[in-house]
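Fair warning: this is a prediction, and the values are worked out from it, not measured in the lab.
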Amino acid sequence: MIGYSSLKQLIAEIKTITDCPRSQLHSLATICSNILKKYNQKPCSIKLEIQAGIYCAIGIAIDDINDVNDIDSIVNMNFELSEQVAASTDLDSCPVIAVFVPKLIK
C-alpha cells in the first residue's frame, strides 16, 4: 500500500513537470479515489510516466488481482475513470491522465 508522503511527492513532481493546477490534480485524485472505494481496491504503487515531455500518465497498480474476474474489474474501473474524466469540464485541459493497472509480478 502506498503512503501519504509518496502521494505528496508524486503530486509535487507532477506540478513541476506539467504546471497542472492543483484543482485539476485534486479532481483527478478524487475520481480515482472514489472508483477505488467503489471496487474495494487498494493501490499498492503509483508510477509516473512522462510522454513526449509534456503529458503524464499516472499508473495506479492494484494489488489483489488473482483471476480473470479481477482483470475484468480493472477494465471496468478504467472505463468508469474515462467516463468521469470526460464528463468533468475541470479536466478538459489537464495534461495528466490516470490508469488502473494490475500489479506486476516479478
Side-chain angles (χ1 to χ4, degrees):
M1 179 119 141
I2 57 169
Y4 177 75
S5 61
S6 298
L7 284 175
K8 194 172 179 181
Q9 180 181 358
L10 181 67
I11 289 171
E13 189 176 343
I14 293 169
K15 280 192 62 48
T16 302
I17 293 168
T18 65
D19 200 28
C20 187
R22 184 171 286 284
S23 63
Q24 286 183 326
L25 294 175
H26 184 268
S27 292
L28 186 59
T30 299
I31 290 170
C32 291
S33 177
N34 289 340
I35 292 171
L36 285 165
K37 287 176 189 171
K38 177 181 177 181
Y39 284 85
N40 197 29
Q41 295 290 340
K42 294 180 180 155
C44 59
S45 66
I46 297 179
K47 183 178 179 187
L48 178 64
E49 295 183 18
I50 302 163
Q51 303 293 324
I54 9 176
Y55 295 100
C56 289
I58 303 169
I60 304 168
I62 307 299
D63 200 15
D64 293 334
I65 303 302
N66 300 313
D67 59 26
V68 173
N69 291 331
D70 292 333
I71 296 296
D72 287 344
S73 290
I74 289 183
V75 170
N76 292 335
M77 290 169 68
N78 281 313
F79 184 76
E80 285 188 37
L81 176 63
S82 65
E83 282 187 325
Q84 290 183 35
V85 167
S88 175
T89 56
D90 183 42
L91 296 173
D92 283 349
S93 63
C94 186
V96 181
I97 61 169
V99 63
F100 297 108
V101 297
K103 176 180 146 184
L104 296 176
I105 300 171
K106 293 181 181 182

**Q.** Ser88 (side chain) donor-acceptor with Gln84 (main chain) under 3.5 angstrom
**A.** no
Q: Measure the SG-CD1 distance between Cys44 and Ile60 for me, rounded to the nearest 0.5 Å.
A: 11.0 Å
Q) If Ile, Leu, Val, Met, Phe, Trp and Tyr residues are connected whenever their side-chain heavy atoms lie under 4.5 Å apart, and connections chain through other members, are Ile46 and Leu28 in the same group? A) yes
Q) Looking only at atom types and distance, does a side-chain atom of Asn78 sit under 3.5 Å from a main-chain N or O of Val99, one as donor and one as acceptor? A) no
(Q) When you compare the side chain of Ile35 with that of Gln41, does any pair of heavy atoms fall below 4.5 Å? (A) no
Q: Keeping the roles fixed (side chain from Ser82, backbone from Phe79), state whether a donor-acceptor pair exists under 3.5 Å.
A: yes
(Q) Could you measure the distance from the SG atom of Cys20 to the CG atom of Leu25? Nearest 0.5 Å is fine. (A) 4.0 Å
Q) Same cluster for Tyr39 and Phe100 if Ile/Leu/Val/Met/Phe/Trp/Tyr side chains link at under 4.5 Å? A) yes
Q. Is any side-chain heavy atom of Asp90 closer than 4.5 Å to a side-chain heavy atom of Gln24?
A. yes
Q. At what distance, to the nearest 0.5 angstrom, does CG of Leu36 lie from CD1 of Ile31?
A. 12.0 Å
Q | Closest approach of Leu81 to Cys32 (non-hydrogen atoms, all atoms of both residues) | A | CD1-SG, 3.8 Å
